[in-house]
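Since the structure comes first, as C-alpha cells, the remarks are kept for the end.
Keep in mind that this is a model prediction, so the values were computed, not measured. Residue numbering restarts at 1 for every chain, and letters A, B, ... go by the order of the sequence lines.
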Amino acid sequence: MYIHATHSISRAQSLGDKVGGNNAALKGEKLAAYPDYTTYIPASIRRRMSVGVRMGVTCAKALGELGSAHSVIVGTGMGCIIESVNFMNDIKAASAVSPTSFIQSVHNTVAGQIAINMQNTGYNMTFSHGGFSFESALKDAQILCQEGQAVLVGGVEEYSETYAEFEGMNNEDLSEGASFFNVSSREAGAIAKVSLIDHLSCTPGGEETALLNYTQAKGIVAPQHISKGQSVPGASMGDGYSDICGIYMSNAAFGLYLACQQIKDHNSIAIVNRFNDHNCGLTIVAKP
Amino acid sequence: MDIHITNSGIVSAIGDNFLDTKEKLYSGQGGITQSNYSVADCENLYAGQVSKNNEELASELGLSSDRLWSRTSLLALKAGREAWSNQKGHILRTGLIHATTVGGMDISEQRYSGSISSEWSAAGQHSCNAAADSLAEDLDISDFVTTISTACSSAANAIMMGARMIRAGMLDRVLVGGTDSLSKFTVQGFNALMIYSYEHCKPFDENRKGLNLGEGSAFLVLESDASLKVTGNEPIGRLVGWSNTNDAFHATASSADGKASKKAIQEALAQAKLHCGDIDYINAHGTGTDNNDSSESHAMISVFGEQLPPFSSTKALTGHTLAAAGSIEAAISLIAMQEGKLIKAHNWTTPMKETALIPVTKEAPAQINTVLSNSFGFGGNNTCLIFSK
Amino acid sequence: MENLKQELKNFIVTHLNLEEMTAADIQDDDPLFGDGLGLDSIDALELIVMLEKEYNIKVRDPEKGKAIFQSVNSLAEFVQAQAE
C-alpha cells in the first residue's frame, strides 16, 4: 500500500528539522495548533462542526479531490467526545438536549462529514477500537487497495478536559489531533510504502525483542528504526512520537505521518504503538 | 471463494438465544413493551428490551461480581459465546470484528450523574473496544480484534469486513457481529431529533411516527473453505454479497430519492453476481421513521421495479437495536431461510400513500434461498448484505 | 418587544454557533430558513431547544415550529404570546 500524500494537525506546529529534536516544550500542551479553518470550511458549514470534524474535514480538503474510486476510512477511539460530554451534561441537568450534540456523538460523524464535504459516495468506514483504532482503519485501507480502491484514511481524536477528569487521566500528557493519508496500490509518485500492519504481543519493555522475534518468524528484514509511542496512558514508552503529539487513542496516525517525513533516512521504520498492557500496534513503513 | 456461515448467536427482545428466537419470531407477539425509559413528554417509552437484567446476565455468564460490567459487554459475551460454541482451539487465523455505538455508555451515564458510586472501577468500559476485548479474551481470539462504529449499519459492516478479510487471505475464520444496550443517552438523543415514536412503531405504514429503540447482540461465525476442512463444521448458510456506500447528503437524514441506498443494493447484487429476480425476501432497514421508510421504499422500487420481492422490517418486533441491527437481522434472515417462512410486518396496517407498497402480511411458507438485508445508518452509511442457503 | 427581538437574535447567533455573524446582521423580517439565513431542519430542532432552555417554552410539533420560526418577528410574537 503506497502513501501519496499526508496532512496532519497536531500540537506540534510544523516539524521539518525539529523532528527528533528536543520536544520538551510540547509536553503538557493539550490542544492541537488549529489551522485557519476559514480557508477550508465556510462559516455556514463550520458552525456545527465539532473540533474533531473540523480537523478531519480540513485534512481531507487539504489532500485534494476524491475520485469516484475513493473510499474514506477513519480511526477514532472516542469520536467527538466534546459533544458527547455536552450531551451528557444536558441529560444530567435534565434540560432540553441538543440534537447537534447527539448527532456528533456517533463515532462515524467525522467520516460522514468528510463524505458530505467532499461529495464522496463510496465505501465509508469508522473503526473505534481504543488505542488500535488507527491501525484497524489502516488495515481496512490495505484490503481496499488490494480490491483496487484509492483510500483517504486517517486518525482523529479530540481533547476533552471533562472526559480526562472523568477517567482520572488528568496527569497524563494527553492531547488531540488528526493525521490523514491518501493511499492506493499505485507505486508511481508515492512518498512511502506501508508494508505491514499487525500487532505485537508483548508487555512493556519487551517491544524490541518482540519485534525481532516477529520479523524473524515472518522472514522479513528487521526495520532499522523503531518509532515507539503510546496511544493510551500507562507504562511509558520512553522517547517517542507520542512525546511530540501527545497521548490519544488514534495517535499512531501521527506516528505514520512522522515516519513519512523520516523514511528518507532509513530503509524501513517500525511504528510500535502500545495500546494496552500486552499489545502494541505494529506498522512497518518502507521507502516506496 | 465461498464465505460460509457456520453458527449464530443472538439475544434480543424476541429471544434469549437462536432457538428461542426461532420459536418466538413467528409467534405474533413481538418483543416491544413499555419500558422504564421516559422523556419529558412521554413516560414508559416503547422499547425492545432484553428480559434479563445485568445481574442475571452476569450470573449466567459466570462472571465475577467484583467489577462493573457494561450491559453491552454482557450481551456481547452471551451472544458471542453462543455463536462460538462449536469452534475449538484449532490452529487457524482467527479474528473478531465487533460493532457498537453505545459501548459502555449505559454505565458511564450512571457514573456521570453520580448514581453509581465512583468506588466501582469502570475503567476501560466506556470506549467502544471494551466489549470486543472482553469477548476476545473470553474466547481466546487474538489474531485480529477490532470494533466498527458506524451507527445503525455497524454490525452489517462488521460482517462485511470479516468476509473481506477471509477473501483477502488474511483470516481463516472470524466471529462477526454487533451489540448495543438501551441507555438514556440514545433514548434522549432520538427524542431530541423528534424521531422516537411514542406509540409502538409501524415501519412502512402511512401513519408511522418514528422508531422504537431496542437492545441486543448477535454474531455470525464466518469460515473459509480451508477452515471448514479443519473445523469440520456444517455451514448453515453463506454470505454471498455485500456493499457499503455513503449518501454524502446529510448527517442524519437519507436523501428522499434513496439514491445511495439504491447504489448499495445494486452493488451488493453485482458483487454476488445476482439479479433482482434472485432475491426471495428483503429484510428491510425499516425503522418506522418518516424519512428512512420513504427513502428506502424509493430505493427498493428503483432497483426492483415490478420484481420487488416480499419485504418486511423486523424492527417492530425487536426495536431498532442500532449497532446490533445488522447482525440481529442477519440471524433473523438465516432463520427465515431455515424455516422457509416469510416474516410478517408486525404492527403494519396501511400502505404508504406515496408508494402503495405492501410488505409481507401473511407468514406464508415460501422458498427462501436468498435474502437481502439492508442497514442504513446515520452519517449516510448504507450497507447491504446478501445471504444464501 | 424590541428588547425581546434583540435577545432572540443573540440567542440565535449563540445557540446555532453562527460564527461570522452578529445579532446586528439579522433583520427582523429576514426569512430564517431557506434563502434568508439558510438554516436547516437541525437548526429548527436546536431553536426548539433554545426556546425551552431560555424561555421554558416547549414546542412538540416540528410542523408548528415552521410557522413560529419564519422570522425574528414571528418568533418574538410567539414568545410574547406564551408569556401572556
Select one option (side chain, backbone, both, neither) describing which atoms of B:A151 are under 4.5 Å from chain A's heavy atoms. both
Tell me whether A:N171 at atom CG has more than 12 heavy atoms from other residues, nucleotides or ligands lying less than 6.0 Å away. no
Which heavy atom of B:C42 sits nearest a heavy atom of B:L45, and at what distance? SG-CD2, 3.6 Å
Which bit of A:S101 is near chain B, if near means a heavy-atom gap under 4.5 Å: side chain, backbone, both or neither? neither
Select one option (side chain, backbone, both, neither) describing which atoms of A:E135 are under 4.5 Å from chain B's heavy atoms. neither
Out of A:V110, A:V74, A:T100, A:L144, return the one with the most heavy atom pairs under 4.5 angstrom to chain B. A:L144
Distance in Å, B:M170 CE paired with B:R93 CZ, rounded so as to fall on 0.5 Å steps: 9.5 Å
Can you say whether A:M118 sits under 4.5 Å from chain B via the side chain, the backbone, both, or neither, judging by heavy atoms? neither
Ring pair (Phe, Tyr, Trp, His ring centres under 6.0 Å) against B:F219, all qualifying residues, sequence neighbours excluded: B:H98
Any chance NZ of A:K193 has more than 12 other-residue heavy atoms, nucleotides or ligands included, within less than 6.0 Å? no
Taking every non-hydrogen pair under 4.5 Å, which of B:A248, B:A260, B:A99 racks up the most with chain A? B:A248
Whatever's closer than 4.5 Å to a heavy atom in chain B on A:N89 counts as both
Which bit of A:T109 is near chain B, if near means a heavy-atom gap under 4.5 Å: side chain, backbone, both or neither? neither
Would you call B:R164 and A:D140 a salt bridge, using N to O less than 4.0 angstrom? yes
Determine the interplanar angle of the A:F102 and B:F190 rings, folded into 0 to 90°, and report it as parallel if under 30°, tilted if 30 to 60°, perpendicular if over 60°. perpendicular
Provide the full list of salt bridge (charged side-chain N to carboxylate O under 4.0 Å, His left out) pairs with a residue in residues 44-58 of chain A, sequence neighbours left out, each pair given once. A:R46-C:E19, A:R46-C:E20, A:R47-C:D43, A:R48-C:D40, A:R48-C:D43, A:R54-C:E19
side-chain contact (heavy atoms from CB on, under 4.5 Å) between B:C128 and B:T100, worked out: CA-CA 6 Å; B:C128 293; B:T100 184; 3.8 Å; yes
With chain A, the option among B:I148, B:T101, B:T245, B:T383 that has the most non-hydrogen atom pairs under 4.5 Å is B:I148
Region of A:F275 in contact with chain B, defined by heavy-atom distances below 4.5 Å: neither
Using heavy-atom distances under 4.5 Å, tell me whether A:V97 contacts chain B through its side chain, its backbone, both, or neither. both
Less than 4.0 angstrom from a charged side-chain N to a carboxylate O is my criterion; do B:R111 and A:E167 meet it? yes
Checked A:G168, A:S128, A:A137 vs chain B; the most non-hydrogen pairs under 4.5 Å come from A:S128
Does the side chain of A:H107 come under 3.5 Å of the side chain of A:T126 through a donor N or O and an acceptor N or O? no
Measuring heavy-atom distances to chain A, does B:V39 have an atom under 4.5 Å in its side chain, in its backbone, in both, or in neither? neither
Bottom line for A:I91: the part with an atom under 4.5 Å from chain B's heavy atoms is side chain
With a 4.5 angstrom heavy-atom cut-off, which part of B:S154 approaches chain A: side chain, backbone, both or neither? neither
Top contributor to chain B interface from A:V72, A:I143, A:V85, A:V106 [non-hydrogen pairs under 4.5 Å]: A:I143
With only heavy atoms counted, which part of B:M105 is less than 4.5 Å from chain A, the side chain, the backbone, both or neither? side chain
So which part of B:N382 gets closer than 4.5 Å to some heavy atom of chain A, the side chain, the backbone, both or neither? neither
Ring centroids only, cut at 6.0 angstrom: are A:Y159 and A:Y248 within range, meaning strictly under it? no
Comparing A:M78, A:E147, A:Q146, A:M249 against chain B, the one with the most heavy-atom pairs below 4.5 Å turns out to be A:E147
Cut-off 4.5 Å, heavy atoms of chain A, and the answer for B:D247 is backbone
So, B:N244 and B:N381: side-chain donor and acceptor under 3.5 Å apart, yes or no? yes
Counting heavy-atom pairs closer than 4.5 Å to chain A, which one of B:S243, B:S108, B:A264, B:S153 comes out on top? B:S108
Can you tell which part of A:I114 gets under 4.5 Å to a heavy atom of chain B, answering side chain, backbone, both or neither? neither
Any idea which heavy atoms bring B:A324 and B:D180 closest together, and the distance? CB-N, 3.9 Å
Under 4.5 Å from any heavy atom of chain B, what part of A:M88 do you find: side chain, backbone, both or neither? both
Contacting region of A:Q119 [heavy-atom separation from chain B under 4.5 Å]: both
